[in-house]
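It should be emphasised that the depicted structure is a prediction, and the values quoted were computed from it without experimental measurement. Below, read A as the first sequence line, B as the second, and so on, with proteins coming before strands; counting in each chain starts at 1.
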Protein chains: 2
Amino acid sequence: MKVLVADDDADLRELIAFTLMQAGHLVVKAGDGPAALRHFGAEGPDLVLLDINMPGLSGFQVCETIRARSRVPVMMLTVRGEEEDLVRALGLGADDYLTKPFSPRTLLARVKALLRRAGMESTAPLAAGRISLDLEEHTVRIGAAEPVRLTKLELRLLQMLLANAGHAVNPERLLIQVWGHRSGGDRQLLKQLVHRLRQKIEADPAAPAVLRTAAAGYKLVVD
Amino acid sequence: MKVLVADDDADLRELIAFTLMQAGHLVVKAGDGPAALRHFGAEGPDLVLLDINMPGLSGFQVCETIRARSRVPVMMLTVRGEEEDLVRALGLGADDYLTKPFSPRTLLARVKALLRRAGMESTAPLAAGRISLDLEEHTVRIGAAEPVRLTKLELRLLQMLLANAGHAVNPERLLIQVWGHRSGGDRQLLKQLVHRLRQKIEADPAAPAVLRTAAAGYKLVVD
DNA sequence: GCGTGTCTGTCACCCGTTTGTCACCCGCCC
DNA sequence: GGGCGGGTGACAAACGGGTGACAGACACGC
């Protein structure tokens, strides 16, 4: 599942991101409110974690804006003892809250619960057509073939493509999704990753039938 | 769509940003010229709103620099009564202008118009008459014929002509829209591009039936 | 701690496609 | 005839995707 983590505290943000990634989630990070909204619009996450105190726009404003456009689950991060903030957040449509400090274990439990409540159990294999991903096993199965083991990056790339199965995904977006940041110039990384993935999943890597190069990026052919 | 808003007046900047976000756009904000260029490079916005009076670099300079690198639509924000500034801005390649003060409604209408003109209001296939463009696949289909693959430039040219289907578009405008920079003398580029496009889409390239030469430029015959 | 194997980032290179540029053609008009 | 502007063919440079090689980073078992 794709999770948007918005917190202006870089250390905490990285800790959360790391914890979620370890659990097999894709993470999009934002350091302030506007960035959170930007990524929300661009990435379409399945879950949003929002700190209340952020520069630019507060978590409240971000939550409100998101709620005006989507019913994606939103979890607020609050400092203990600011109950009035909490009430306000829930009133704005937030689904859950977590008081700092919290343990990674607590975080994961709450995230899992929230995703389950939203009907997106995170361990369910992603699938489209003849392609199915097993996020826990880090494997992909195509048609009747044996499941193939994937590395972390390969898994993320496939996950992104699978989420847009049949449609081209542009390289910039893939770079952001798979590596997190990296502005422009890193096409080479993507080339290599695609190459390595093709070696694993294509019957004939020289003539890709599944992971095709499209005019505007790469796409998955699922039939 | 992602919009870069550059204005040194923080209040106005926030108002514009808010208005655009309400309309579903992603907004990147800049308070001066250098920041605008920095964000332009990093974010790759689909539209740029530029105030003329900004510290660091003026809107003129920013516009010129952007035009040297991109054909992204640029809208200038001017104070009423400074027509000479306006003329200068349009000469530098700006696509539209807005005189302050303006209402949010006006702003949105202009932004929408500009994005439509630039052919990016959606990735849905553009069509007019028997001609339809698939922006994702980079193909064009004319009548019942097989879709034809287009290069990046051919696609842009066709997109511009299709946006004005049935009417002639003058060469200056096409040069700016397709190549972004290149003020005057580069007719030859356009000639070649038209030639190559005709080879691909015309049944008889020597007697063009679709992409016709008109008195004032080129036009697409769509019926 | 240490070796081992895997994963990832980076480099150099190949090759087909795309693009920019030049020379030249033709028809038209003064 | 000569200038002008559009159309055409040819060619070289630039670009971009694909590939193999390699070294450092990393995880893991001992």
**Q.** Where P147(B) and T139(B) come nearest, the two heavy atoms and their spacing
**A.**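 That would be CB-CB, 4.2 Å.
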
Q | Heavy-atom closest pair, residues A128(B) and L162(B) | A |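 The pair with the smallest heavy-atom distance is CB-CD1, 3.9 Å.
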
Q.
Strictly by salt bridge (Lys or Arg N to Asp or Glu O under 4.0 Å), give each pair with a member in residues 139-150 of chain A just once, sequence neighbours left out.
A.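 Residue pairs passing salt bridge (Lys or Arg N to Asp or Glu O under 4.0 Å), neighbours aside: none found.
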
(Q) I need the full list of salt bridge (Lys or Arg N to Asp or Glu O under 4.0 Å) pairs touching residues 27-36 of chain B, with sequence neighbours left out, sorted by first then second residue. (A)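 Of all non-adjacent pairs touching residues 27-36 of chain B, those that pass salt bridge (Lys or Arg N to Asp or Glu O under 4.0 Å) are E14(B)-K29(B).
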
For [X] and [N], what is the distance between atoms [atom1] and [atom2] respectively, to the nearest whole Å?
X       : N       : atom1 : atom2 : answer
L190(B) : dG6(D)  : CG    : C1'   : 11 Å
L175(B) : dG20(C) : CG    : P     : 11 Å
L197(B) : dT17(C) : CG    : P     : 18 Å
R149(B) : dT17(C) : CZ    : C1'   : 10 Å
D186(A) : dC11(C) : CG    : P     : 10 Å
E154(A) : dT6(C)  : CD    : C1'   : 11 Å

Counting only pairs under 3.5 Å, give me each side-chain donor-acceptor contact of residues 213-220 of chain A, with atom names and distances, residues two or more places apart or in other chains.
| from | atom 1 | to | atom 2 | distance (Å) |
| --- | --- | --- | --- | --- |
| T213(A) | OG1 | R198(A) | NH2 | 2.9 |
| K219(A) | NZ | E137(B) | OE2 | 2.8 |

Holding to side chain to side chain contact (heavy atoms under 4.5 Å, CB included), I want the full list of residues that pass it with [X], two or more places apart in sequence or in another chain.
X       : value
D204(B) : A206(B), A207(B)
Q61(B)  : L57(B), S58(B)
R130(B) : I142(B), V210(B)
H195(A) : Q192(A), Q199(A)

**Q.** Annotated protein contacts, base or backbone, on nucleotides 13-28 of chain D with a non-hydrogen cut-off under 4.0 Å, one of B, S, - each
**A.** ----BBBBBB------

Q.
Quick check on dG20(C): is either OP1 or OP2 less than 4.0 Å from any side-chain nitrogen or oxygen of W179(B)?
A.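 The answer is yes; a side-chain N or O of W179(B) sits under 4.0 Å from OP1 or OP2.
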
Q: Give a yes/no on whether any side-chain N or O of T151(B) is located under 4.0 angstrom from OP1 or OP2 of dT19(C).
A: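 Yes, T151(B) has a side-chain N/O under 4.0 Å of OP1/OP2 on dT19(C).
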
Q.
Counting the atoms with a prime plus P, OP1 and OP2 as sugar-phosphate, which does L153(A) contact under 4.0 Å by heavy atoms, base, sugar-phosphate, or nothing?
A.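 Sugar-phosphate, backbone atoms only, no base.
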
Pairs: protein N or O with nucleotides 25-30 of chain C N or O, under 3.5 Å:
none

